[in-house]
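Only one structure is covered here, and it is reproduced in the block below.
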Amino acid sequence: MPELPEVETTRRSILPFFIGRKIASITPLRQDIWASPLRPASAPLIGGPILRQGKTLILSFLPAFSEGPDRSCHQEPAFLLLSRFGMSGRWDRRPYHSPRPPHTHLEILLPEEEMVLAWSDPRRFGRLEISRSRQQSHLLSGTGPDALTLDGPAIQEIFDSLATPLRKALTDPFLLSGIGNIYMAEILFDAGLSPFRPAGSLSSGEARRLSRSLHEILEAAISVGGSTIHSYRQEDGSPGGYQRFHAVYGREGQPCLRCGLPIQRVTVEARSLYFCRFCQPPSPPIT
Ligand SMILES: [Zn+2]
C-alpha cells in the first residue's frame with residue numbers, strides 16, 4: 001500500500017506535465033470509486049499546483065482565463081481532485097492515442113503534451129473526490145496533519161496522554177497522516193523506540209528523536225522513489241528503491257543492522273510488525 005513517500009514521488013513526477021497545461025477533458029469511467037457524488041467539471045481548465053496531505057494526492061484545476069505564458073497558478077482553483085491510493089491506486093501517463101489499459105477509472109486529456117493522465121486501481125480500495133476545497137473534502141475530513149510537517153513538540157502534543165501503542169498511533173490517520181505499516185516499523189527502529197510503548201509515554205527527548213527519524217526515513221525514501229513491496233510502481237513504471245534500505249521491514253530472522261540479534265516479526269491485528277527486541281526495549285532503559 002503506497003505511503004507518504006510513494007505518493008510524494010507520484011506528485012513530483014506528474015507535476016511538470018500537469019501544472020499550467022490545458023485540460024481538454026476529464027472523463028470518469030466508473031462511478032463507484034467516488035467518495036462523494038460526481039459533479040460535471042466546468043471547462044475550460046488548466047492544471048494547477050499538485051498538493052499532498054499524508055497519502056492523499058490533490059490535483060488542482062484552475063479556470064483558464066488567460067492564454068500563453070501568463071497563465072497564473074496563483075488564482076483560486078475551480079475545484080480539487082483528491083485521490084486516495086488504497087491498495088493499488090495509481091496515476092499513469094500514456095500517449096494520447098495508445099490503448100487504454102484495463103482497470104482505468106478516470107482519464108484527463110492534456111492536449112499540449114499529447115498525453116493522457118489516467119487513474120487506475122485494479123482492487124478498487126482507492127477513492128477519488130471532487131471538492132471545492134480541502135476543508136470541504138470528505139476524504140480529508142478529520143485527518144491529522146501531514147507527518148512531514150511535525151516536529152518533536154508537535155508529535156508529543158498529538159500523542160499527549162494516549163495509551164495507544166506507538167505502532168498504532170503512528171499509523172492512525174486521524175492523529176497524523178502519511179505513515180503506514182512499512183515506514184512505522186522503519187521509523188520506530190531508527191528512533192530505538194518499542195512499537196508497544198504507549199504513545200503518551202514519550203519524553204520530550206524521545207519525541208524529538210522520533211521526529212528526527214520520521215523526517216530522515218521519509219525523506220530518504222522519497223529521494224529514491226519510495227518502496228516497492230508488491231504492486232507499487234513509480235509513475236513511469238519503474239519500481240521504487242527504498243526497499244533495499246529497509247532495516248527491519250521484511251527482515252524477519254535476519255541480523256539486526258545495529259546489534260546483530262535476529263529481527264522479530266509478530267502478527268498484530270492481522271498485520272506483520274517487525275522490530276528488534278534489543279534495540280527497541282519495551283520500556284526506556286534506566287540510567
Ligand atoms: Zn538490534
Side-chain angles (χ1 to χ4, degrees), residues 1-6 8-9 54-55 147-148 150-156 158-160 162-173 175-230 232 239-287:
M1 180 184 282
E3 301 182 30
L4 187 156
E6 292 78 46
E8 177 61 20
T9 299
K55 304 180 200 173
L148 279 180
L150 300 173
D151 60 9
I155 289 178
Q156 201 176 22
I158 289 170
F159 287 176
D160 181 41
L162 275 183
T164 316
L166 275 174
R167 63 171 177 81
K168 211 166 175 176
L170 266 184
T171 54
D172 182 346
L175 295 176
L176 75 169
S177 53
I179 298 175
N181 214 31
I182 297 173
Y183 293 103
M184 173 270 288
E186 295 298 317
I187 290 165
L188 289 177
F189 173 77
D190 192 77
L193 294 167
S194 165
F196 305 104
R197 280 270 303 274
S201 72
L202 295 184
S203 67
S204 56
E206 287 171 327
R208 273 200 305 277
R209 218 163 73 211
L210 178 59
S211 157
R212 200 164 50 233
S213 294
L214 179 154
H215 284 263
E216 281 178 13
I217 298 279
L218 295 180
E219 278 156 18
I222 291 167
S223 73
V224 292
S227 299
T228 296
I229 301 298
H230 297 298
Y232 167 76
Y242 194 67
Q243 64 281 2
R244 294 195 304 273
F245 301 101
H246 288 173
V248 286
Y249 190 88
R251 295 193 65 242
E252 180 187 13
Q254 296 180 43
C256 170
L257 302 177
R258 284 192 185 146
C259 73
L261 290 175
I263 295 297
Q264 308 288 311
R265 181 180 73 88
V266 294
T267 304
V268 192
E269 292 166 12
R271 297 179 129 202
S272 290
L273 174 64
Y274 297 90
F275 62 102
C276 173
R277 279 190 203 286
F278 183 75
C279 298
Q280 297 169 265
S283 54
I286 298 159
T287 52

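Owing to the predicted nature of the structure, the values given are computational and were not obtained by experimental measurement. We count residues from 1, following the sequence as given. All ligand and atom numbering here is 1-based and tracks the order in the structure.
Considering all non-hydrogen atoms of both residues, L193 and Q280 come closest at O-NE2, 2.9 Å.
Under the rule for a salt bridge (Lys or Arg N to Asp or Glu O under 4.0 Å), R271 has no partner lying at least two apart in sequence or in another chain.
Neither side chain, Y274 nor Q254, offers a donor N or O lying under 3.5 Å from an acceptor on the other.
Between L202 and F159 the shortest side-chain heavy-atom distance falls below 4.5 Å. Here the side chains of I222 and L148 are in contact, with some heavy-atom distance below 4.5 Å.
Inside a sphere of radius 2.8 Å centred on the Zn ion (ligand 1), the protein N/O/S atoms present are C256 SG, C259 SG, C276 SG, C279 SG.
A cation-pi geometry, defined here as NZ or CZ lying under 6.0 Å from the six-membered ring centre and within 45° of its normal, does not hold between R258 and F278.
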